[in-house]
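Below, chains carry the letters A, B, ... as their sequence lines are ordered, and counting in each starts from 1. As a basis for the values below, the full set of heavy atoms in this structure was taken, side chains included, without hydrogen atoms, waters or symmetry mates.
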Amino acid sequence: MTFEPEAKRERGFDHTTVEPKWQREWDEADVFHIEDDAKDPEYVLAMFPYTSGSLHMGHVRNYTITDAYARFERLRGENVLHPIGWDSFGLPAENAAEERDTNPRDWTMQCIDSMTEQMKAMGFGYDWDREVTTCEPDYYRWNQWLFKRFRDEGLVERQTAELNWCPSCETVLADEQVEGEAELCWRCDTPIEQREMKQWFFTITDYADELLSELDELDGWPANVREMQRNWIGRQEGDSVEFEVSNHGPVEIFTTRLDTIYGATYFALSPGHPVAQEIAEENDEVAEYVHRVEHDDDEEVDETSGVFTGEYATNPATGEEIPVYVADYVLEDVGTGALYAVPAHDERDHAFAKAHDIPIRQVVEPAADADEDPEDVDVQEEAYPEDGVLVESGEFDGLDSATARERFVEEFDGEHRIEYRLRDWGISRQRYWGTPIPMIRCDDCGHVPVPDEDLPVELPEFVHTTGNPLDAAEEWKHVECPDCGGDAVRETDTMDTFVDSSWYFLRYVSPDLETAPFDAERASDWMPVDRYVGGIEHAVMHLLYARFFTKVLDDIDLVDGVREPFTELTNQGMVLGEDGHKMSKSLGNGVSPQRIIDEYGADTARLFIMEAAQPEKEFAWSADGVQSSYRFLQNVYELADEYADGEVTDRTSDEAATGESADSPVADYVAREIDATIDTATDEYEAFQFNHALQAVRETLSLLRRYREHTAPDPETFERGLVAAVKILSPVAPHFAEEVWERLGNEGLLAEADWPAADAPDDYHIERRLVENTREDVRDIVETVGIEDPETITLAVSPEWKHRARDIAMNADGNVVGTIMGDEELRQRGEDAADFAKDLAARSEALDEQLSPERERAALERAAWLLEREFGADVVVQSAEDADPDLAGKAEPGRPAIDIAE
RNA sequence: GCGAGGGUAGCCAAGCUAGGCCAACGGCGGCGGACUCAAGAUCCGCUCCCGUAGGGGUCCAAGGGUUCGAAUCCCUUCCCUCGCACCA
């Protein structure tokens with residue numbers, strides 16, 4: 001064997017050939033396919049992407065996380081369901097079609113093609129047989145079918161709602177599509193208008209209570225997401241009572257502070273309240289005010305603005321007549337949009353009263369046990385919003401607030417109510433690229449659903465038009481009424497795309513089923529999703545809607561006993577640009593996944609992303625980091641390649657003599673580290689802390705390199721280490737791992753192999769600490785003493801009696817010295833034992849487990865080579881009996897005596 | 001304002017839910033050394049201060065407390081991020 005050419009040979013691997021090769025192999029072996037009859041598989045899911053055209057780093061991170069986890073579970077022998085699909089309806093496709101003079105469908109399909117290609121290039125292992133595309137009729141027909149089932153259940157309503165309307169695009173816009181303070185259409189910069197429209201709604205509020213309460217049980221969800229949903233649902237417990245308003249009849253109010261009713265000094269209506277509107281019709285001043293606040297920006301309207309209506313409301317508690325105002329601070333959609341105001345006990349009411357010169361009357365004062373002294377409360381200056389004890393409240397003086405609220409509901413004919421901030425879900429969109437709502441409007445029969453056998457209602461051909469293309473599709477629009485056969489028109493609105501994503505995870509179970517949205521039995525077995533990973537931006541909308549759907553589907557017996565769709569939820573953090581800012585076009589700090597794949601390969605990108613941070617944390621892209629990941633993979637490959645060529649374990653005649661066998665101390669040391677790494681890596685993968693597992697592998701590889709440099713390694717041990725490392729890397733860097741696996745002469749695919757099994761050796765951590773501490777101590781001594789060239793390092797293990805004394809000290813309660821010296825044998829040690837006992841007594845509370853002298857010695861012998869290597873010195877490990885008594889005397893359990901000779 | 005999560009050495013970032021093994025994992029950057037003709041790669045150290053045998057001092061936002069002992073538990077304050085918010 002000639003050395004020179006070997007050394008010069010290019011030993012790395014070429015990702016441009018390796019990665020496609022293994023992608024083909026996986027595909028051919030159908031590795032990621034899961035059979036329909038699989039029992040309760042591990043369901044690992046990433047939020048499916050919107051078909052925007054190409055993957056960005058956020059996608060890459062998201063899908064790398066689930067892919068790594070899915071691969072890990074598969075190697076451990078689990079059945080894994082890891083599907084992918086396309087959230088492919090939505091306005092952006094219509095816009096893109098306009099811009100490119102094509103149609104949404106062609107554009108979307110093109111996006112799917114190129115995104116699929118990129119996903120495959122990333123090596124994501126999906127069961128492509130379960131691919132789901134929401135814009136296909138065989139998917140959206142089930143949106144329509146489910147809409148009808150929801151309607152049968154009374155969960156669909158037609159309501160009037162105020163919406164963002166763009167007069168130029170002639171369509172409603174979602175709140176997030178209205179830009180800036182000026183509220184401009186994101187497409188054409190036209191100022192949007194509020195427009196009242198009749199819309200189809202899902203009455204998600206019917207489930208408000210359960211959606212809220214079950215959040216408490218979602219232990220696998222991040223606290224902030226649960227909190228966001230709680231906020232969004234916004235449960236409020238209070239009471240409603242009626243006030244008689246002169247000339248306008250009874251007006252219902254909602255309050256959480258019914259106890260303060262005696263302090264009401266005015267009544268306030270929101271500008272949108274029906275009674276306010278009524279008054280506006282006859283009162284110019286009110287009309288003007290209502291008009292102003294409806295059209296001005298929020299900023300321009302003073303917080304304490306409002307106008308007296310000239311009307312009075314009768315307080316049911318006092319019989320008193322209080323003035324009625326219309327005030328902008330009263331919100332139409334909070335409570336009933338009307339309230340009685342108690343300036344003494346509400347800050348906003350207080351500010352309003354001050355501005356309008358309305359009396360302030362205190363009716364609650366701090367209770368006796370409150371921090372605040374009633375004397376210090378001056379409600380003329382500042383509202384006192386706390387609960388307390390009633391005053392100036394007629395016969396109810398002295399009641400505490402809570403009791404008063406209960407009494408007053410009865411007393412004033414009110415009703416105890418629970419209100420939610422959550423509104424019903426308006427699903428109508430005046431857009432083309434969505435699921436047609438399967439309804440027909442007949443002048444005689446009203447709204448009639450499209451019969452099931454006529455589903456799907458397919459989208460007509462796309463036409464370029466200013467308004468809703470469905471409205472312009474005359475031929476499509478006009479149909480016979482299914483009930484009376486008369487002339488009728490189709491509903492031309494389509495569904496919010498969040499409907500699509502509310503149940504897609506169920507469609508994966510049986511993507512081709514033609515008789516139902518999904519196979520109920522299988523879904524009941526496979527659901528819920530065990531691991532769901534996606535961006536925090538979906539914390540409320542998508543995740544709330546999906547929870548709602550799941551509960552409804554359970555209630556209408558389409559699934560059995562699945563109340564929540566996602567058991568464990570992870571929100572992956574953002575990938576920031578190198579400058580630490582969010583990647584964006586305007587900052588020019590974006591990194592294209594394609595470029596990284598081309599340049600370094602998918603595995604490098606995947607490894608870098610997974611090493612950089614835990615999934616839920618954000619991190620900044622780093623060219624250095626990518627380099628480091630790339631080099632690491634190349635180095636591991638090189639090491640494996642050399643091993644496979646026999647270069648690592650080849651022995652010179654010298655080495656043959658000194659011999660490295662599997663039972664030598666060095667091999668033993670390495671073997672134990674390998675076991676510990678496997679143990680750690682397994683735990684960390686389970687805990688979704690991939691970076692910790694990867695760190696452990698890096699350490700193991702560093703150790704293998706040192707082993708190899710130190711001696712001709714034992715082949716069996718060395719190979720076991722390599723294999724373990726490669727297997728642990730394989731979920732993250734799968735192509736690379738397959739390549740190494742093959743290079744090491746293994747048959748079959750690594751993707752179908754078994755996860756390495758090993759437990760950390762007994763007391764591994766104690767041993768590791770002993771070794772690390774000893775190495776550090778030696779370094780410390782060499783450093784501080786300034787020993788240039790140590791010749792021999794002698795380590796002497798502490799004698800058995802010290803171990804015993806220590807054990808006694810650990811178990812002694814109270815009199816440590818006494819207990820130790822009570823031991824016959826130790827007492828015979830005299831002075832030495834007494835000193836040591838005193839020493840132990842001083843830190844008796846801090847004593848921890850240590851190895852026996854024999855095991856300490858064995859551990860040090862296993863690790864001796866590390867010191868030999870580091871200091872170029874001979875290392876001698878001695879038992880206390882063999883060592884110089886002066887030296888051995890200095891040793892303690894867990895801390896060998898050290899002597900360094902130059 | 002309410003709620004959630006945070007503040008760790010030059011930077012990023014573990015550990016903090018089960019207090020001692022924590023001067024505090026790991027990475028980056030920096031410094032020194034080995035190897036090399038050289039560079040790169042790789043390997044070995046160092047990187048709070050002092051110290052000629054494993055020692056001492058000061059540290060984990062700030063202050064206080066509990067404890068033999070606290071980055072870890074409790075209280076207060078300050079700051080940051082996120083969500084909700086003129087919510088009756």
Review point. A70(B) and C79(B): how far apart are their C1' atoms, nearest whole angstrom?
Key: 23 Å

Exercise for review: Mind telling me whether Tyr325(A) and Phe352(A) have parallel, tilted or perpendicular rings, with 30° and 60° as the class edges?
Suggested key: perpendicular

Practice item. Using the C1' atom on both, measure A23(B) against G57(B) and round to a whole Å. Key: 11 Å

Can you give me the N/O atom pairs linking the protein to nucleotides 4-8 of chain B at distances under 3.5 Å, or say none if there are none?
none

Exercise for review: For U76(B) versus C68(B), give the span between their C1' atoms, rounded off to a whole number of Å.
Suggested key: 26 Å

Check your understanding: Expressed in whole Å, how much space separates the P atoms belonging to C48(B) and G40(B)?
Key -> 25 Å

Review point. Given the rule in the side chain to side chain contact (heavy atoms under 4.5 Å, CB included) test, do Ile233(A) and Leu544(A) qualify, once you have shown the distances and angles that lead to the verdict?
Key: CA-CA 9 Å; Ile233(A) 296 166; Leu544(A) 192 65; 4.1 Å; yes

Practice item. Could you list all the salt bridge (charged side-chain N to carboxylate O under 4.0 Å, His left out) pairs where at least one residue sits in residues 627-637 of chain A, not counting sequence neighbours? Key: none

Review point. Does Arg706(A) place a side-chain N or O at less than 4.0 Å from the phosphate oxygens OP1/OP2 of C44(B)?
Key: yes

Check your understanding: Dot-bracket for RNA chain B: what is it, with Watson-Crick or G-U pairs under 3.5 Å, [ ] where a pair crosses earlier ones, and | for a pair to another strand?
Key -> ((((((((.[[[..)....(.....]]]((((((.......))))))(((....)))...[[[[[..)....]]]]])))))))....

Exercise for review: Taking atom C1' in both A9(B) and C59(B), compute the distance separating them and give it to the nearest angstrom.
Suggested key: 8 Å

Review point. CG of Leu576(A) versus P of U81(B): gap in Å, rounded?
Key: 14 Å

Check your understanding: Between atom CD in Glu386(A) and atom P in C2(B), what is the gap in whole Å?
Key -> 10 Å

**Study point:** d(CZ, Arg421(A); P, G83(B)) in whole Å
**Key:** 13 Å

Check your understanding: Reading nucleotides 25-34 of chain B 5' to 3', which nucleotides get B (base under 4.0 Å from a protein heavy atom), which S (sugar-phosphate only), which -?
Key -> BS--------

Review point. Roughly, in whole Å, what's the span from CZ in Phe408(A) to C1' in A88(B)?
Key: 17 Å

Revision key, fill the gap. The ring pair (Phe, Tyr, Trp, His ring centres under 6.0 Å) partners of Phe836(A) (sequence neighbours excluded) come to Trp801(A)

Practice item. Determine the contact category for Arg226(A): base if any of its heavy atoms lies under 4.0 Å from a base atom, sugar-phosphate if only primed atoms, P, OP1 or OP2 are that close, otherwise nothing. Key: nothing

Exercise for review: Nearest whole angstrom, please: distance from the C1' of A85(B) to the CH2 of Trp232(A).
Suggested key: 12 Å

Review point. Looking at residues at least two apart in the chain, or sitting in another chain, which of them share a ring pair (Phe, Tyr, Trp, His ring centres under 6.0 Å) with Phe412(A)?
Key: Phe408(A)

Practice item. Any chance you could measure Met541(A), atom CE, to Met228(A), atom CE, to the nearest 0.5 Å? Key: 11.0 Å

Revision key, fill the gap. By ring pair (Phe, Tyr, Trp, His ring centres under 6.0 Å), Tyr764(A) pairs with (sequence neighbours left out) none

Exercise for review: Using side chain to side chain contact (heavy atoms under 4.5 Å, CB included) as the criterion, list what pairs up with Ala696(A), not counting sequence neighbours.
Suggested key: Thr677(A), Thr680(A)

Review point. Are more than 12 heavy atoms from other residues, nucleotides or ligands located less than 6.0 Å from atom CD of Glu772(A)?
Key: yes

Between protein and nucleotides 10-15 of chain B, what N or O pairs are separated by less than 3.5 Å?
| from | atom 1 | to | atom 2 | distance (Å) |
| --- | --- | --- | --- | --- |
| A14(B) | OP1 | Lys617(A) | NZ | 2.9 |
| A14(B) | OP2 | Lys617(A) | NZ | 3.2 |

Point to revise | Residues that Asn224(A) engages under side chain to side chain contact (heavy atoms under 4.5 Å, CB included), provided they are two or more places apart | key: Pro222(A), Ile536(A)

Which atoms of nucleotides 46-56 of chain B (N or O only) lie under 3.5 Å from a protein N or O atom, and what are those distances?
| from | atom 1 | to | atom 2 | distance (Å) |
| --- | --- | --- | --- | --- |
| U52(B) | O4' | Thr784(A) | O | 3.2 |
| A53(B) | N6 | Ile900(A) | O | 2.9 |
| A53(B) | N1 | Ile900(A) | N | 2.9 |
| G54(B) | O2' | Asp777(A) | OD1 | 2.6 |
| G54(B) | O6 | Ile898(A) | N | 3.4 |
| G54(B) | N1 | Pro896(A) | O | 3.0 |
| G54(B) | N2 | Asp777(A) | OD2 | 3.0 |
| G54(B) | N2 | Pro896(A) | O | 3.0 |
| G54(B) | N3 | Asp777(A) | OD2 | 3.2 |
| G55(B) | OP1 | Arg895(A) | NH2 | 2.8 |

**Study point:** SB check Arg698(A) Glu611(A) (cutoff 4.0 Å)
**Key:** yes

Practice item. In whole angstrom, give the distance that lies between atom CD of Glu419(A) and atom P of A88(B). Key: 11 Å

Exercise for review: Output the single nucleotide from G45(B), C84(B), C43(B) whose closest atom is nearest the side chain of Arg775(A).
Suggested key: G45(B)

**Study point:** Short side-chain N/O contact to C43(B) OP1/OP2 from Arg705(A), under 4.0 Å
**Key:** yes

Point to revise | Nearest non-hydrogen partners of Ile900(A) and Pro790(A), listed with the distance | key: CG2-CB, 3.7 Å

Point to revise | C1' atoms of G27(B) and A18(B), separation to the nearest Å | key: 28 Å

Study note, to complete from the structure: Trp621(A) meets the ring pair (Phe, Tyr, Trp, His ring centres under 6.0 Å) criterion, sequence neighbours left out, with Phe608(A)

